[in-house]
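What's counted below: heavy atoms across the whole structure, side chains too, no hydrogens, waters or symmetry copies. Model, not experiment: these values are computed from the prediction.
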Amino acid sequence: MALTAETESRLYRSLRVAAGAAAHLVALGFPAAVAVLARPGSSLFSWHPLLMALAFSFLMTEALLIFSPETSLLRSFSRKVRVRAHWVLQLLALLCALLGLGIITYNKHLNGKGHFVTWHGLTGLVAVLYAGGQCAGGVLLLYPKLMKNWTLAKLKLYHATSGLVGYLLGCASLMLGMCSLWFTTAVTGASWYLAMLCPLLTSLVIMNQVSNAYLYRKRSQH
């Protein structure tokens with residue numbers, strides 16, 4: 001029996017709501033699990049995985065989900081409030097990422113180890129630098145007159161697309177970190193695969209959100 005267009009629309013919306021709710025749980029649950037594993041304060045290194053998980057799993061995910069029409073925790077608030085919350089969360093994410101990067105760099109210096117010699121280290125460095133650039137680029141949305149040849153709608157679209165790239169870099173860094181000796185020693189078997197699914201799930205939800213925003217803009221132009 002074929003589904004009607006209305007039924008398909010409701011089913012699709014329900015799936016998006018469920019996926020968004022799962023993304024919220026994962027965004028909070030993953031850093032909590034990392035905190036249990038790392039035991040922050042037990043060593044200088046212990047702060048690195050926690051700060052990076054907070055930056056890219058919790059803060060950045062929530063900063064992007066704020067604009068989801070189905071799962072935003074602030075969807076009842078005005079867009080102005082959501083934009084401000086987005087800025088706060090993104091700046092906190094950048095701060096955590098910079099602290100995490102600084103701590104691991106100093107820790108390697110103390111232990112006489114090479115800097116950025118692994119894919120995890122290189123990807124993490126690029127992700128943090130990209131996040132800084134993305135935050136700086138967001139200033140153009142506050143002062144769109146600085147870009148005279150660009151409409152505000154186009155600036156928002158490119159900012160969202162660029163932000164997606166940065167978010168995926170952050171998730172890739174987390175996944176590569178889960179391939180490190182520290183993580184694979186602490187987490188084994190099915191638990192390791194379950195941990196790997198966390199950034200994959202949130203990435204899929206955020207990609208769907210950005211693609212829907214792009215399609216909506218294309219339809220509105222016709």
Side-chain angles (χ1 to χ4, degrees), residues 23-65 86-139 162-203 206:
H24 282 298
L25 291 174
V26 168
L28 180 61
F30 182 77
V34 171
V36 172
L37 290 173
R39 293 181 295 119
S42 59
S43 66
L44 180 61
F45 169 81
S46 65
W47 292 103
H48 170 70
L50 175 61
L51 286 168
M52 289 306 195
L54 283 173
F56 293 113
S57 177
F58 177 60
L59 292 168
M60 197 170 286
T61 300
E62 291 300 331
L64 297 176
L65 287 177
H86 173 77
W87 263 99
V88 171
L89 289 171
Q90 285 288 68
L91 288 175
L92 286 175
L94 179 60
L95 177 61
C96 285
L98 288 171
L99 285 173
L101 179 64
I103 285 172
I104 194 61
T105 301
Y106 184 59
N107 187 67
K108 285 182 176 292
H109 170 72
L110 291 178
N111 291 281
K113 296 182 178 181
H115 300 287
F116 313 116
V117 295
T118 64
W119 283 111
H120 168 58
L122 288 171
T123 306
L125 174 63
V126 173
V128 174
L129 294 177
Y130 195 102
Q134 179 69 9
C135 285
V139 175
S162 177
L164 174 60
V165 173
Y167 180 75
L168 293 178
L169 279 171
C171 287
S173 177
L174 291 178
M175 294 177 72
L176 288 168
M178 285 185 272
C179 295
S180 66
L181 180 62
W182 171 78
F183 196 87
T184 54
T185 300
V187 182
T188 59
S191 297
W192 183 84
Y193 290 98
L194 185 61
M196 273 288 189
L197 286 175
C198 290
L200 279 176
L201 171 65
T202 55
S203 294
I206 297 299

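- Here the OG1 atom belonging to Thr61 is positioned 9.5 Å from the NE2 atom belonging to His24, to the nearest 0.5 angstrom.
- Between atom OH of residue Tyr130 and atom OG of residue Ser162 there is a gap of 3.0 Å, rounded to the nearest 0.5 Å.
- In this structure, Gly100 and Met52 approach most closely via the heavy-atom pair C-CE, 3.8 Å.
- Between Pro31 and Leu50, the shortest heavy-atom contact is O-CD1, 3.9 Å.
- Listed here is the closest heavy atom pair of Leu37 and Ala186: CD2-CB, 4.1 Å.
- Side chain of Ser42 to main chain of Ala38: a donor-acceptor pair is present (N/O by atom type, distance under 3.5 Å, no hydrogens or angles).
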ask   = What do the steps show when you test Phe116 against Thr105 for side chain to side chain contact (heavy atoms under 4.5 Å, CB included), and what is the final call?
value = CA-CA 9 Å; Phe116 313 116; Thr105 301; 4.0 Å; yes
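- Summarising the geometry, atom CG belonging to Leu169 is positioned 11.0 Å from atom CG belonging to Leu174; distances are rounded to the nearest 0.5 Å.
- Counting heavy atoms from C-beta outward, Thr202 and Cys171 have side chains that approach closer than 4.5 Å.
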task = Could you please spell out the steps behind the side chain to side chain contact (heavy atoms under 4.5 Å, CB included) verdict for Leu98 and Leu95?
result = CA-CA 5 Å; Leu98 288 171; Leu95 177 61; 5.5 Å; no
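- Summarising the geometry of Gly114 relative to Lys108, their closest heavy-atom pair is O-CD, 3.3 Å, with the distance given to 0.1 Å.
- Ile104 has its side chain out of reach of Trp47: every pair of non-hydrogen atoms, C-beta onward, lies at least 4.5 Å apart.
- Atoms CE and CD1, from Met60 and Ile206 in turn, are 10.5 Å apart once rounded to the nearest 0.5 Å.
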task = Could you walk me through whether Asn111 and Phe45 pass side chain to side chain contact (heavy atoms under 4.5 Å, CB included), step by step?
result = CA-CA 11 Å; Asn111 291 281; Phe45 169 81; over 6 Å; no
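- Across Phe183 and Ala195, no two heavy atoms sit closer than the pair CZ-CB, 3.9 Å.
- No donor-acceptor pair under 3.5 Å is formed between the side chain of Thr123 and the backbone N or O of His120.
- Taking a 6.0 Å sphere around CH2 of Trp192, one finds it holds more than 12 heavy atoms contributed by other residues, nucleotides or ligands.
- Summarising the geometry, atom OG belonging to Ser46 is positioned 8.0 Å from atom CZ belonging to Arg39; distances are rounded to the nearest 0.5 Å.
- Side-chain atoms of Asn107 do not come within 3.5 Å of backbone N or O of Ile103 as any donor-acceptor pair.
- With values rounded to the nearest 0.5 angstrom, Leu94 atom CG is found 5.0 Å from Cys135 atom SG.
- No donor-acceptor distance shorter than 3.5 angstrom exists from the side chain of Ser191 to the backbone of Val187, with no hydrogens or angles considered.
- Within the 3.5 Å criterion, the main-chain N or O of Leu54 finds no donor-acceptor partner in the side chain of Ser57.
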task = Could you walk me through whether Leu64 and His86 pass side chain to side chain contact (heavy atoms under 4.5 Å, CB included), step by step?
result = CA-CA 7 Å; Leu64 297 176; His86 173 77; 4.1 Å; yes
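- At least one side-chain heavy atom of Trp182 sits under 4.5 Å from a side-chain heavy atom of Pro49.
- Inter-residue side-chain proximity for Pro199 and Met178 is flagged as met; some heavy-atom pair is nearer than 4.5 Å.
- In this structure, Val139 and Trp87 have side chains that are in contact, with non-hydrogen atoms separated by less than 4.5 Å.
- Nearest heavy-atom pair, Tyr167 versus Ser203, reported as atom, atom and distance to 0.1 Å: CE2-CA, 3.9 Å.
- His48 is not listed as a side-chain neighbour of Leu99, based on a closest heavy-atom distance of 4.5 Å or more.
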